[in-house]
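The block underneath contains the structure these notes are about, expressed in structure tokens.
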Amino acid sequence: MTATVMDGKLVAAEVKQEVSGRVKHLQQQGVWPWLSTVLVGDDPASETYLRAKHKACEEVGIKSENHHLPSDSPQDKLEALIDRLNHDDRVHGILVQLPLPKHLEEDRTIDRLDPDKDVDGLHPVNVGKLASGTEGLVPCTPKGVVRLLQHYKVQIAGSKATIVNRSNLVGRPLAMLLLNRDATVTICHSKTKELANITREADILVTAIGRPEVRIGPSYVKHGSTVVDVAINRVDGKLRGDIDFEPVSKIVQYITPVPGGVGPMTVAMLLENTIQAAAIHAGIRL
Ligand code: NAP
């Protein structure tokens, strides 16, 4: 068996086209979708991610701007900026690029966001909605994983889905999304014992470990299953995921590449969340 490669670039391009149409629809009604991002400090990886997000906004006609604060900015200065963006009627989406410098409090910062502008879906109101099955603004990476599975018609309902990650950004929200779609969900993490025995049972295996020394090879996966690799590791200047792509792709049915799998979907979902926030703000159904 040779797996079908789930092409995140291709699906993301389709999503962008849809978003473009919706942007025009909103503009006809006098709404100009607008995303504001906030970067504190000069982390090169964060700068790269933000550049990709702003470029994507430009491609689909979403206005975007970045607010760059110095790395030694105090918490109250960051919160004052968030307050200003919360109250700016032109701004529909606010994204605070994480991680923040160590002296700043991530939870307090996220709590400060207007939940209706929280396009990363991390505010407790949005987390609560997702956990109770309502799904307001949902974190972009897990939303992108689900969209990719749906595009390739991977059966979620009734499947055994295992996620190796329990972060607020990836594992927890993805577990809720899959549970809301009737999967039987297992979450694994660094304290999980006999990981391979658990992952080998999965019809859908999602990994987001992000430690280059931990490799997910064929002995961790079920034959004929679907594997999604969220991780981004930089090894010798190259991007690599958790999964040993070549040997695993010989035994599974669907697999994502790194790069070109989940990454582009994350950016595409941010665009979707921004127009969702713009529509909420204007009281328009898309
Ligand atoms: P994180 O908070 O560090 O989460 C890593 C998870 O892996 C944790 O739950 C950790 O368990 C678990 N883990 C670590 N070592 C393990 C082991 N030996 N066996 C099993 N589980 C283990 O990182 P994150 O922010 O969620 O990101 C994870 C990865 O996804 C990173 O590579 C990141 O770059 C990537 N990512 C990609 C995208 C994208 O768009 N493609 C978006 C977001 C993140 P504990 O909880 O016990 O520590």
Side-chain angles (χ1 to χ4, degrees), residues 5-12 15-16 37 43-56 95-100 102 106-107 110 119-122 127 138-149 161-178 185-202 205-217 219-221 227-235 238-245 255-273:
V5 177
M6 295 193 276
D7 187 342
K9 271 195 199 161
L10 184 97
V11 183
V15 172
K16 280 187 193 168
T37 62
D43 176 48
S46 292
E47 285 180 357
T48 306
Y49 292 140
L50 273 184
R51 260 198 304 279
K53 290 169 187 177
H54 286 283
K55 183 168 166 276
L95 179 149
V96 179
Q97 186 66 40
L98 302 176
L100 291 170
K102 293 256 179 305
E106 266 177 26
D107 286 353
I110 289 162
V119 285
D120 253 349
L122 296 174
V127 175
V138 168
C140 301
T141 299
K143 188 173 171 173
V145 169
V146 170
R147 186 63 61 84
L148 206 50
L149 294 173
T162 298
I163 304 161
V164 191
N165 179 297
R166 58 173 162 179
S167 73
N168 291 337
L169 208 59
V170 182
R172 287 169 199 261
L174 181 58
M176 290 302 142
L177 284 172
L178 294 172
V185 181
T186 303
I187 303 180
C188 302
H189 46 77
S190 67
K191 307 287 187 295
T192 300
K193 292 199 171 108
E194 296 175 7
L195 183 65
N197 286 345
I198 300 169
T199 56
R200 249 196 326 264
E201 295 284 308
L205 173 64
V206 183
T207 67
I209 300 170
R211 291 174 52 180
E213 73 280 11
V214 183
R215 306 303 301 148
I216 302 296
S219 63
Y220 285 78
V221 303
V227 291
V228 177
D229 193 345
V230 177
I232 303 171
N233 300 307
R234 259 166 238 276
V235 180
K238 283 192 181 155
L239 295 186
R240 196 169 89 167
D242 294 329
I243 293 171
D244 281 333
F245 186 89
I255 188 165
T256 58
V258 179
V262 176
M265 294 304 295
T266 297
V267 179
M269 293 302 111
L270 172 66
L271 303 175
E272 252 198 25
N273 280 359

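By convention here, the first residue in the shown sequence is residue 1. Both counts, for ligands and for their atoms, begin at 1 and track the order of listing. We use all heavy atoms of the structure for the numbers below, so side chains are in, but hydrogens, waters and symmetry mates are not.
In terms of protein heavy-atom proximity, atom 36 (N) of ligand 1 is closest to Val230 O, 3.8 Å. Of the protein's non-hydrogen atoms, the one nearest atom 15 (N) of ligand 1 is Arg211 NH1, 3.2 Å. With hydrogens left out, the protein atom closest to atom 23 (O) of ligand 1 is Asn165 ND2, 4.3 Å, a heavy atom. Counting protein heavy atoms only, atom 12 (C) of ligand 1 is closest to Ser190 N, 4.1 Å. Atom 21 (N) of ligand 1 has its closest protein heavy atom at His189 C, 3.2 Å. Among all non-hydrogen protein atoms, the one lying nearest atom 28 (C) of ligand 1 is Ala208 O, 3.3 Å. Among all protein heavy atoms, the one lying closest to atom 42 (C) of ligand 1 is Thr141 OG1, 3.1 Å. From the protein, the heavy atom lying nearest to atom 44 (C) of ligand 1 is Val170 CG2, 4.0 Å.
Within the structure, the closest approach of Val164 to ligand 1 falls below 4.0 Å when heavy atoms are considered. At least one heavy atom of Gly263 sits under 4.0 Å from some atom of ligand 1.
Set against the non-hydrogen atoms of Thr266, the atoms of ligand 1 under 4.0 Å away are 39 (C), 40 (O). The distance from ligand 1 to the heavy atoms of Ile209 drops below 4.0 Å at these ligand atoms: 5 (C), 7 (O), 13 (N), 14 (C), 15 (N), 16 (C), 22 (C). For ligand 1, the atoms lying closer than 4.0 Å to a non-hydrogen atom of Ser167 are 2 (O), 24 (P), 26 (O).
Taken from NE2 in His54 to OG1 in Thr37, the straight-line distance is 3.0 Å, to the nearest 0.5 Å. We find the CD-CG distance between Glu106 and Leu122 to be 9.0 Å, quoted to the nearest 0.5 Å. Rounded to the nearest 0.5 angstrom, His189 NE2 and Leu195 CG are separated by 10.0 Å. If you take CG on Asn233 and CG on Asp242, they are separated by 6.0 Å, rounding to the nearest 0.5 Å.
Between Lys191 and ligand 1, no pair of N/O atoms sits closer than 3.5 Å. Taking any N or O of Ile232, backbone or side chain, at least one lies under 3.5 Å from an N or O belonging to ligand 1. Below 3.5 Å of separation, one finds an N or O of Arg166 facing an N or O of ligand 1.
For Glu213, the CD atom is densely surrounded, since the number of other residues' heavy atoms within 6.0 Å is greater than 12.
Closest approach of Ala231 to Val258, counting heavy atoms only: O-CG1, 3.6 Å.
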Worksheet item: Taking it one step at a time, do Ile110 and Val96 satisfy side-chain contact (heavy atoms from CB on, under 4.5 Å)?
Response: CA-CA 8 Å; Ile110 289 162; Val96 179; 5.9 Å; no

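Residues Leu178 and Ile163 meet the side-chain proximity criterion, which asks for heavy atoms closer than 4.5 Å. Residues Val227 and Thr207 form no side-chain contact, since every pair of their non-hydrogen atoms from C-beta on lies 4.5 Å or further apart. A heavy-atom distance below 4.5 Å is not found between the side chains of Leu271 and Val15.
Nearest-heavy-atom check against atom 18 (N) of ligand 1 across Val258, Val214, Leu270, Asp242 picks out Val214.
There is a protein heavy atom less than 4.0 angstrom from atom 48 (O) of ligand 1.
Between the side chains of Thr141 and Thr266, a donor-acceptor pair is found at a separation under 3.5 Å.
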